Amino acid sequence: MRVLLLGGTAEGRALAKALSPHVDVISSLAGRVPDPALPAGSVRIGGFGGVDGLKSWLHDEHIGAVVDATHPFAATMTAHAAQACGELEIPHLVLARPAWDPDGAHVVKSDIEAAQVVENHRYRRVFLTTGRSGTKAFAGSDAWFLIRAVTEPDARTLPRHHELLLSRGPYRYDDEIAIMRDHRIDALVTKNSGGDMTRAKLDAAAALDIPVVMVQRPPLPAGVTKVDTVEQAADWVARQT
Ligand code: NAP
């Protein structure tokens with residue numbers, strides 16, 4: 001049986017490593033970053049062409065099970081996979097790392113709401129870590145932003161006053177403390193991505209008494225089966241074969 005593993009995350013790579021070579025697994029990446037960390041085993045890169053394109057691909061490639069290990073904020077891909085697998089009756093699992101405890105944070109539903117919180121609280125020096133697609137909502141702000149992303153955001157989506165920090169996690173607590181101190185950050189804006197690779201910024205913000213604005217995860221499609229860990233996902237795959 002062939003398994004499609006929708007990836008683009010550390011969990012996706014860890015699951016590909018756990019399954020290869022004894023399971024016939026093909027990982028799929030969106031192709032957003034020029035030099036992606038490649039998972040073990042077979043890899044395909046690029047979109048499928050919506051739900052219909054995905055359904056054709058699953059059929060043509062004789063896929064018997066799908067694990068969606070995309071990022072918790074990759075809501076479109078997750079919705080497409082749930083729909084396509086539902087319609088084709090292909091077993092389907094979502095692997096999503098547990099969310100962070102938002103304790104003490106301003107919890108918001110969207111980047112737009114996060115930008116409103118920045119405005120309302122008159123934060124002036126913001127550490128913005130919502131990724132390359134997360135800057136647009138802040139484009140009209142007068143505050144200064146330290147924008148950290150893996151790849152450069154579209155220039156049209158950038159706020160007037162900013163500095164770009166292109167980098168990829170994991171990040172260490174001491175470095176996060178130094179970044180926030182050196183740039184005199186007065187608020188941190190983050191998505192609730194979860195996981196250990198990028199959580200040091202929350203601990204650093206707490207230590208420096210810097211307020212956190214946290215964008216909630218989009219809800220999962222109704223009725224999907226979800227696990228938290230790579231081990232649980234590997235067990236699920238073993239039960240399908
Ligand atoms: P998205 O908005 O949910 O998806 C937009 C479109 O990109 C999908 O409709 C699909 O195109 C294509 N796509 C997304 N993930 C894909 C995959 N793994 N394989 C093939 N096509 C994929 O996705 P996104 O938020 O832009 O994320 C893109 C990728 O980056 C994902 O693989 C995700 O795991 C990774 N990532 C995302 C974030 C984040 O914050 N969103 C953070 C870290 C990593 P078609 O409709 O043409 O099939």
Side-chain angles (χ1 to χ4, degrees), residues 2-16 25-61 63 65-85 87-88 90 92-97 99-100 108-111 114 128-138 147-154 157 166-171 189-199 201 214-221 224 226 230 233:
R2 299 194 84 195
V3 177
L4 171 64
L5 171 45
L6 297 165
T9 56
E11 289 78 8
R13 288 189 295 280
L15 182 59
V25 59
I26 176 160
S27 293
S28 176
L29 306 178
R32 297 275 191 280
V33 291
D35 57 341
L38 290 177
S42 308
V43 180
R44 66 166 298 286
I45 298 182
F48 297 94
V51 176
D52 289 341
L54 177 58
K55 281 170 67 179
S56 302
W57 191 92
L58 292 169
H59 177 266
D60 294 348
E61 296 292 327
I63 298 297
V66 174
V67 180
D68 176 357
T70 57
H71 191 272
F73 281 80
T76 304
M77 188 69 251
T78 292
H80 289 181
Q83 188 182 335
C85 290
E87 289 176 12
L88 296 177
I90 294 176
H92 165 253
L93 181 76
V94 171
L95 164 59
R97 58 184 92 138
W100 291 319
V108 294
K109 288 199 180 71
S110 65
D111 294 338
L128 183 60
T129 63
T130 46
R132 77 180 290 278
S133 58
T135 54
K136 194 174 170 193
F138 301 86
I147 298 170
R148 184 164 69 191
V150 177
T151 50
E152 199 162 333
D154 182 331
T157 69
L166 296 182
S167 73
R168 186 181 293 179
Y171 300 108
V189 178
T190 178
K191 296 189 277 206
N192 192 337
S193 297
D196 292 334
M197 275 176 53
T198 59
R199 80 146 291 133
K201 62 188 168 187
M214 191 179 285
V215 183
Q216 261 176 1
R217 292 176 174 198
L220 285 174
V224 297
K226 177 204 169 249
V230 170

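Quantities reported herein were computed from a predicted structural model and do not represent experimental measurements. All heavy atoms count here, side chains included; hydrogens, waters and symmetry mates do not. Every number for a ligand or one of its atoms is a count from 1 in the order of the listing.
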Close-contact set for ligand 1 against [X] heavy atoms, below 4.0 Å:
X    : result
S28  : 17 (C), 18 (N), 19 (N), 20 (C)
H80  : 9 (O), 46 (O)
G49  : 45 (P), 47 (O), 48 (O)
G50  : 45 (P), 46 (O), 47 (O), 48 (O)
T70  : 18 (N), 34 (O)
K191 : 39 (C), 40 (O)
G46  : 20 (C), 21 (N)
G7   : 18 (N), 31 (C), 32 (O), 33 (C), 34 (O)

Relative to [atom], which among [options] owns the nearest non-hydrogen atom?
atom                    : options             : value
atom 36 (N) of ligand 1 : R132, H71, E11      : H71
atom 27 (O) of ligand 1 : G131, A75, S27, A74 : A74
atom 2 (O) of ligand 1  : T76, I45, L4        : T76

Which protein heavy atom lies closest to [atom], and at what distance to 0.1 Å?
atom                    : result
atom 17 (C) of ligand 1 : A30 N, 3.6 Å
atom 8 (C) of ligand 1  : M77 SD, 4.1 Å
atom 7 (O) of ligand 1  : R32 NH2, 2.9 Å

Mark yes or no for whether [X], through its side chain, and [Y], through its backbone, hold a donor-acceptor pair below 3.5 Å.
X    : Y    : result
T70  : L6   : no
R2   : L4   : no
T129 : I147 : no
R217 : N192 : yes

Taking all non-hydrogen atoms of both residues into account, name the closest pair between R132 and D154 and its distance. NH2-N, 4.2 Å

Heavy-atom closest pair (H92 atom, A82 atom, distance to 0.1 Å) is CE1-CA, 3.7 Å

D52: salt bridge (Lys or Arg N to Asp or Glu O under 4.0 Å) partners, not counting sequence neighbours: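 D52: no salt bridge (Lys or Arg N to Asp or Glu O under 4.0 Å) contacts found.
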
Could you tell me whether atom 30 (O) of ligand 1 has at least one protein heavy atom nearer than 4.0 Å? no

